[in-house]
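Let me begin by presenting the structure, written as structure tokens, before commenting on it.
The model shown is predicted, which means the values in this text are computed figures rather than measured ones. Note that ligands are numbered from 1 as they come in the structure, with each ligand's atoms numbered from 1 the same way.
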Amino acid sequence: MSEQQSQSSGDIDTVMVETRLFPPSPEFSQAARIKSLEEYQELYDTAAKDPEAFWAAEAREHLHWFEPFTQTLQWETPDAQWFLGGKTNASYNCLDAQIAAGRGDRTALLWEGEPGDSLKLTFNELHREVCRFANVLKRLGIVPGDVVSIYMPMTPELAIAMLACARVGAVHSVIFAGFSAEAIADRNNDAGVKLQITSDGLYRRGKVLPLKATVDEALAKSQTVEKCIVLRRAGNEVAMQEGRDLWWHDLIAQESDDCPATPLDSEAPLFILYTSGSTGTPKGIRHSTAGYNLFAKRTFQWVFDHQEDDIYWCTADCGWITGHSYVVYGPLSAGATILMYEGAPNYPAEDRFWEIIEKYKVSILYTAPTAIRAFIKWGDEHVDKHDLSSLRVLGSVGEGINPEAWMWYYNKIGGGRCPIVDTWWQTETGGIMMSPLPGAIATKPGSCTKPLPGVVPKIIGEDGQEVARGRGGMLCIDHPWPGMLRGIWGDPERFQEQYWSKVPGMYLTGDNARQDSDGYYWIMGRIDDVINVSGHRLSTIEVESALVSHPAVAEAAVVAKPDEIKGQAIAAFVTLRVAEPTEELRKELLMHVRKEIGALAQPDAIRFTNSLPKTRSGKIMRRLLRDIASGKAQTGDTSTLEDYSVLASLRGDEE
Ligand code: PRX
């Protein structure tokens, strides 16, 4: 009998045992910022003993203050305020502070466009561009607290627009440039946006998508938007509405390079970022200036072991939190050289990422499991064409990474030499909460290992108590941290209800997790996705990882479907690497799961499909699969679905 069959109350059974351990090499550890487990533990314990003193010292040392703060934390669940009385500015921390530290002539931003054009900006140059655009914002009457909506491709101007907003105290709301006009209008109306920024078009796999046309449609329904600034990027024709639409290049032509950063209250909102809930309308997650900036900067330095000469590439789009915290605010305020890439990973060919890494000598790569699974499917030959020896740290974020995908990333991309940092966090947390520190913590494939200093995770069972070590339960965070969300824009009740009601006094993440005997944390998927088979509560990721460990499988998603006898049964949706979907293979996969993790976790049904429904940020949408598996009509919000045809074909198959 395995671990999972112990008497469970309402906590979650585990069926996966992963024993592989990958310590960092002694050379890596020696040169790292945090060099050993003991050093990590010491830092963690210091923070745990007196979190306020810890963060106060961090804030004093690592942010620039126009005026020092007088109170570190004011906390009354669910409202946290950090560094009260202080004044700072995130754009100042990213630019002016770097120039003051002697980095003016260092490269701040490397950019590669999808068609192959490129650009390099030093901190001095980026500062100049941000100042000019910040002056544009002021000239258009933007004042601190105004909300500016940004719907742009991954161009340098997207980062410039964000930093210019931050410079003048405007609150940006970046909307991923794949969303529909309807989605833009909903978000703009919810936030009362005053100014829209966009571009004529966007390159995607060699084609030009007409962004401005989508914005025109959205602005027809966005009552509060007064002006729209348009960047010329793709050269496609656009309709400019007299009195409303203005060209970026015309506006900056007349502006000066000088625009002192506005000193802002620590708690001034820096941005809103909309994230979809499984039900209801998207939530505008609100982040602060000082606390967020500090948390993004320090977690960046700790987790990626950033060193002065690193070339750092986070492949996320600025339309997501990862792009906010780990393309723009974290790395730039740490003086890092960032790389931005505009386009698709398979254009003009499947080796584009590896070509970029070789060309720019990227040393830190931060990407997502969905991309890693696609690379595996596309084949090793694309990787083999390139020299990836510049890499030294690899990161993963967004979903759990299946251990076999982890192993491929480790061996094929990292050459068995680069620590993998599997970073667990959320839009709401502002920055990374759990992750290995690459010089200090030995990794296990599929585990986000340990919490960062100042982060206090607790795993809570249905009875509201902490579960026993080894058992799965709801992942909560016990103490406020500077990067935490400050609320949902315009909806304090939903904020309280969603995150602070179920487990009193703690932040409810909505994920399940367990801690293994070494104290390592394993994320077990979303609370809503748990499958209850004959009274055993199983996590999606463990069953999926067992399927993905079969050489024929590229991706897998499992969901619950109603079953008269077992209560729920497991339905699996599987995409294949190269093999043909046959009856034999189906049987083989069932046996494989049985062998890997036991009969209890064996799916009742396996459906082969060409692709899985995913959000635009690449997460598998299990909730839609659940409806399909149980033959129910689609309920809930589907606006974040990336490709509607996937859903249509899955539904069609079912009939
Ligand atoms: O379920 C977890 C999953 O993604 C959720 C947060 O999504 P989002 O707000 O879009 O932010 C994504 C970028 C931080 C989490 O609640 N998730 C994210 N990272 C991991 C993960 N699940 C497992 N392991 C991870 N490393």
Can you pull every nitrogen or oxygen pair between ligand 1 and the protein closer than 3.5 angstrom?
unit_1	atom_1	unit_2	atom_2	d
ligand 1	1 (O)	D511	OD1	2.8
ligand 1	1 (O)	D511	OD2	3.1
ligand 1	4 (O)	G398	O	3.2
ligand 1	4 (O)	K619	NZ	3.0
ligand 1	7 (O)	K619	NZ	3.0
ligand 1	9 (O)	T427	N	2.8
ligand 1	9 (O)	T427	OG1	2.6
ligand 1	10 (O)	K619	NZ	3.3
ligand 1	16 (O)	Q426	NE2	2.9
ligand 1	16 (O)	D511	OD1	3.1
ligand 1	16 (O)	D511	OD2	2.7
ligand 1	16 (O)	R526	NH1	3.0
ligand 1	17 (N)	G398	O	3.3
ligand 1	19 (N)	G398	N	3.2
ligand 1	22 (N)	G400	N	3.4
ligand 1	24 (N)	E399	O	3.4
ligand 1	26 (N)	D422	OD1	2.7
ligand 1	26 (N)	T423	O	2.8

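Taking the six-membered ring where the residue is Trp, Y329 and H172 present parallel rings, their angle staying beneath 30° rather than reaching 60°. Under the 30°/60° scheme for interplanar angles, the aromatic rings of F271 and H287 are found to be tilted.
Put simply, the side chain of Y366 does not reach to within 4.5 Å of the side chain of V421, judged on heavy atoms.
Of the candidates K377, K614, K619, E555 forms a salt bridge (charged side-chain N to carboxylate O under 4.0 Å, His left out) with just one, namely K614.
A cation-pi arrangement is present between R187 and F179 under the rule of less than 6.0 angstrom and at most 45 degrees off the ring axis.
Contact check on D310 versus R392 returns a salt bridge, with a Lys/Arg side-chain nitrogen under 4.0 Å from an Asp/Glu carboxylate oxygen.
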